[in-house]
Amino acid sequence: MAERASAAVVDQATPIRRAWWLRWAPAVVAVGAFFAILAATGTSGADLGRFAAYAALAVTLPGTLVYRALRRTPHTLVEDLAMGAAVGLTLEIAAWAVFSALDLRAYLWTWPAAIVVVFLAVPALRRRHWWVRGYQPVPVGFSWAVGAAAVGFTAYLSQVFLFRNPVIPTSESTQQYIDLAYQLSLAGEAKNHLPIHLPQVAGEPLYYHWFGYVHMASTSLIGHIDLPVVALRLAVPALCALAALLTGVVGWRVSGRPYVGAVAAALFWVVGEFNFTDPVTMPMGTQATFVIWHGMSMIYSWVLLIALIAPLADIVRRQGGDPDDPSGKVPAIGLGAFAIAASLLVASSGAKASSLPIVIAALLFTAVVMLVARRRIPWRVLAALVLAAAAQLFATVVLFHFQTYGVAVGFFSGLYDYWRDSGKTGWAQAWVVAGVFAAFFLNLQLRVAGVIALLWRRRMRLLPVQVFLLGGAIAGVACYFVFKQTSGGNEYFTRAGFTFGVILSAWGYVELAEKVALPRWGRWTLATVTVAFGAALVWVQLTVAGAAPVRTPGNSYAPLVPLLQWAGVLAAIAAVAGIVWWVTGRFVRGMRGRGGLVLLTLVLVAGIPGLIMDVAKSLRAPNGGAYVNVPMPASHVAVARWIRDHSDGDDVVVTNRHCWRMVSKKTCDSRTFWLSAYSERRVLVEGWGFAPRGMGAYRLPFWDPALLAANDAAISDPTPEALRDLYVNHGVRWLLADRAQFPESPELADLATKVYDSGQFAVYRLRG
């Protein structure tokens with residue numbers, strides 16, 4: 001008996017030891033692979049070490065402590081760390097504002113100590129939040145799936161972004177996507193100033209969503225990392241990895257099912273948009289995965305928005321009180337959800353202008369549905385709605401100063417061009433319009449198909465949390481249809497709504513899978529079929545698909561034709577396969593009732609070629625296939641960085657270069673940002689193409705011709721009085737003459753001190 005008992009103990013202990021290694025292996029492998037990819041792109045070990053210390057000690061640690069203090073009961077360690085990192089980003093914004101207001105940015109690295117000291121000094125906080133017990137175990141499959149999604153997307157970024165863009169240009173022929181220098185200039189502005197101004201036009205207020213660039217500036221200031229390294233190597237991959245982790249964590253929390261989070265992470269970060277051209281195109285916009293690296297604010301806002309769904313869903317769930325809600329398996333956050341939501345709402349207000357309108361619409365939709373269905377006022381949901389509306393008011397008044405950046409009501413503006421010049425009338429035109437709408441949903445919303453399964457299975461009787469997610473998903477599409485923007489920015493509403501829709505879609509898929517209850521061999525078979533299907537789609541697109549047709553008068557819908565044609569082919573194949581499945585199922589019992597799950601699986605992964613085709617395109621084109629590349633010669637960056645290294649943060653620079661190309665003999669493209677970007681200094685007048693007052697009008701003349709004339713005259717025709725005026729009234733300390741534009745006056749050497757001369761560029765320092 002004793003021997004059998006001893007053997008039983010050994011048998012029970014062995015799986016525990018193996019489970020411990022299995023639980024930690026996904027995290028170790030994912031983190032190791034993430035840093036290995038960044039190292040392979042030329043990021044130095046010193047920078048990686050400093051960044052790891054910054055992310056752990058200055059973001060995750062203080063944020064996790066605060067999140068633990070606000071949430072009532074622990075769920076999982078990975079949730080505490082992921083949500084803590086998101087909360088840490090919100091605290092970072094507040095810390096930057098305080099230290100900037102006190103002009104103590106050099107000491108910003110000390111701000112986490114304020115949190116840590118409190119949690120060490122207060123006994124209750126010290127006992128409860130440093131060493132937490134009672135965590136639920138995390139399924140190993142969930143960990144591997146979410147880790148693989150994060151690492152896979154990092155590998156994708158390495159091919160389309162990191163390898164394609166050197167941190168510092170290496171030659172005179174280097175090119176760069178036009179927005180990257182602009183984003184770098186805003187981060188440089190945040191390193192030196194509060195309030196934020198437009199660095200290309202010194203003194204011009206910047207009413208914009210700039211919180212993401214504060215994060216970049218804080219990373220540089222706290223981690224002592226060169227800002228271009230942050231912008232072109234670290235920030236985007238790290239935020240994408242965090243967003244993938246949050247997708248998994250939040251999907252689990254709101255649904256009560258870990259594999260909802262795993263499926264959502266895969267749909268968000270592994271499967272791309274559905275399309276069939278080579279090179280791959282984005283005919284309906286860039287809704288989720290493509291060109292994330294083009295816009296820092298998009299991925300930064302996603303991190304906050306995905307995290308925000310968790311406390312808001314908790315508030316909705318507590319309001320609903322539905323005993324059948326499976327998310328009840330996850331412990332509630334409690335009243336602290338309001339504080340967590342408030343911090344994330346404020347941070348989201350300045351992260352991306354498209355986030356809060358979708359959140360407000362989702363909460364309003366939920367409140368109305370709950371009021372009608374239950375005939376009771378949902379006070380908690382309304383309280384959350386008030387918080388969201390207050391954050392939107394703050395953004396509109398304080399951050400944006402009522403600037404709309406060209407956003408206005410314009411029904412179906414994103415689709416109208418596809419049928420406007422179709423050359424059709426009557427029913428033929430109606431078919432064209434229907435085809436355009438079909439292309440939109442196929443291209444951008446196919447990964448949300450699981451929502452249909454959820455609605456069908458639940459007979460439209462959704463749980464309150466599901467209503468909330470559905471409201472956000474609908475709001476994203478609705479805002480895209482209702483609003484227009486000169487630069488096509490209305491598509492960002494769709495991106496924001498996708499964060500809600502992809503979680504709800506994964507929920508629908510997992511519920512269907514649970515109902516079908518495939519045996520182990522069935523799950524492996526389905527996985528094998530899915531991989532084979534994806535591989536076949538990639539092969540077909542690489543070998544058969546051609547370039548997208550060019551839009552022509554009378555054929556404005558031409559770019560959508562390949563997408564619709566291939567969708568039709570796949571639909572026909574699915575129909576035939578469905579018939580065969582039904583007939584075979586009459587004789588093979590194991591196939592009955594499972595065809596819907598197979599079909600939904602293949603529909604959801606039909607966009608698998610997306611990221612692969614984007615990589616293929618980037619290998620054939622410079623800068624990851626960016627659609628607007630500008631020259632970024634090494635000599636330009638060298639002189640800008642020289643100014644940065646020899647000037648103070650408040651110094652203003654004058655330059656005679658304002659355009660990166662001439663559009664006509666009298667019109668230039670004023671979207672030039674390289675000097676302010678790499679010098680991290682304000683320029684009196686550089687380029688004005690992205691100024692709020694001239695957004696989308698980058699070919700128009702500068703709005704203050706007198707200032708522009710004084711700016712250029714400081715180099716071409718300087719006088720002691722004019723230079724003195726620039727010095728005293730505009731803070732100008734440096735003059736950068738680009739001799740390729742026009743040479744400086746010989747008299748300038750007598751009025752200022754030449755400190756740099758590379759042939760094309762000469763730098764002069766004004767004398768006080």
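Excluded from the calculations below are hydrogen atoms, water molecules and symmetry mates; all remaining heavy atoms, backbone and side chain alike, are included. Since the structure is predicted, the reported quantities are computational estimates derived from the model, not experimental observations.
- No cation-pi contact links Lys352 to Tyr300, judged by a cut-off of 6.0 Å to the six-membered ring centre and 45° from its axis.
- Under the ring pair (Phe, Tyr, Trp, His ring centres under 6.0 Å) criterion, His75 pairs with Trp252, not counting sequence neighbours.
- Side-chain contact, Trp302 with Thr499: no donor N or O sits under 3.5 Å from an acceptor N or O.
- Of the possible polar contacts, none joining the Gln392 side chain to the Ile360 backbone as a donor-acceptor pair under 3.5 Å is found.
- Taking the side chain as every heavy atom from C-beta outward, Gln136 and Pro331 approach each other to under 4.5 Å.
- Residues Phe268 and Phe498 are in side-chain contact: their nearest non-hydrogen atoms beyond the backbone lie under 4.5 Å apart.
- For the side chain to side chain contact (heavy atoms under 4.5 Å, CB included) test with Ser349, the passing option among Thr396, Val398, Leu393, Leu399 is Leu399; the others fail.
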(request) Take Asp614 and Tyr156 through the test side-chain hydrogen bond (donor to acceptor under 3.5 Å, both in side chains) and record every step on the way to the result. (result) CA-CA 9 Å; Asp614 201 38; Tyr156 160 74; 2.5 Å; yes
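- Contacts of Arg128 classified as side chain to side chain donor-acceptor pair (under 3.5 Å), with partners at least two apart in sequence or in another chain: none.
- The CZ atom of Arg458 sits 10.0 Å away from atom CZ of Arg461, with the distance rounded to the nearest 0.5 Å.
- Proximity of a side-chain donor or acceptor of Arg253 to a complementary backbone N or O of Ala310 within less than 3.5 Å is not detected.
- Although no hydrogens or angles enter the test, the distance criterion places no donor-acceptor pair under 3.5 Å between the side chain of Asp314 and the main chain of Ala337.
- Between Phe153 and Ile292 the shortest side-chain heavy-atom distance falls below 4.5 Å.
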Validation: residues 338-348 side-chain donor-acceptor distances under 3.5 Å, sequence neighbours left out:
| from | atom 1 | to | atom 2 | distance (Å) |
| --- | --- | --- | --- | --- |
| Ser343 | OG | Ile340 | O | 2.8 |
| Ser348 | OG | Leu344 | O | 2.8 |

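- With hydrogens and angles ignored, the 3.5 Å screen pairs a side-chain donor or acceptor of Ser505 with a backbone N or O of Gly450.
- Shown here for Gly472 and Ala362, the closest heavy-atom pair between the two residues is N-CB, 3.5 Å.
- The distance from atom CZ of Phe119 to atom CZ of Arg126, rounded to the nearest 0.5 Å, is 12.5 Å.
- Of all heavy-atom pairs between Ala243 and Ile306, the closest is O-CD1, 3.9 Å.
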(request) Take Tyr480 and Tyr492 through the test ring-ring contact (aromatic ring centres under 6.0 Å, His included) and record every step on the way to the result. (result) CA-CA 8 Å; Tyr480 179 83; Tyr492 292 110; over 10 Å; no
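- Between Thr60 and Leu81 the shortest side-chain heavy-atom distance falls below 4.5 Å.
- To the nearest 0.5 Å, atom CD1 of residue Ile358 and atom CD1 of residue Ile474 are 11.0 Å apart.
- Here the side chains of His209 and Phe400 are in contact, with some heavy-atom distance below 4.5 Å.
- Ile333 places none of its side-chain heavy atoms less than 4.5 Å from the side chain of Arg72.
- With Arg375 contributing its side chain and Val372 its backbone, the two residues share no donor-acceptor pair below 3.5 Å.
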(message) Run Lys515 and Glu511 through salt bridge (Lys or Arg N to Asp or Glu O under 4.0 Å) and show every step you take.
(response) CA-CA 6 Å; Lys515 178 184 177 182; Glu511 280 203 2; over 6 Å; no
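- Close placement of the Phe468 and Phe500 rings is indicated, their centers lying within 6.0 Å of each other.
- Of the possible polar contacts, one joining the Arg447 side chain to the Val271 backbone as a donor-acceptor pair under 3.5 Å is found.
- A 4.5 Å side-chain heavy-atom check between Trp96 and Glu92 finds every atom pair outside the cut-off.
- Annotation: the span from Ile503 atom CD1 to Leu470 atom CG amounts to 13.0 Å, rounded to 0.5 Å.
- No side-chain heavy atom of Tyr509 sits less than 4.5 Å from a side-chain heavy atom of Val451.
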(message) Evaluate Glu79 against Arg71 for salt bridge (Lys or Arg N to Asp or Glu O under 4.0 Å), listing each step before the verdict.
(response) CA-CA 11 Å; Glu79 177 182 288; Arg71 62 106 174 97; 5.6 Å; no
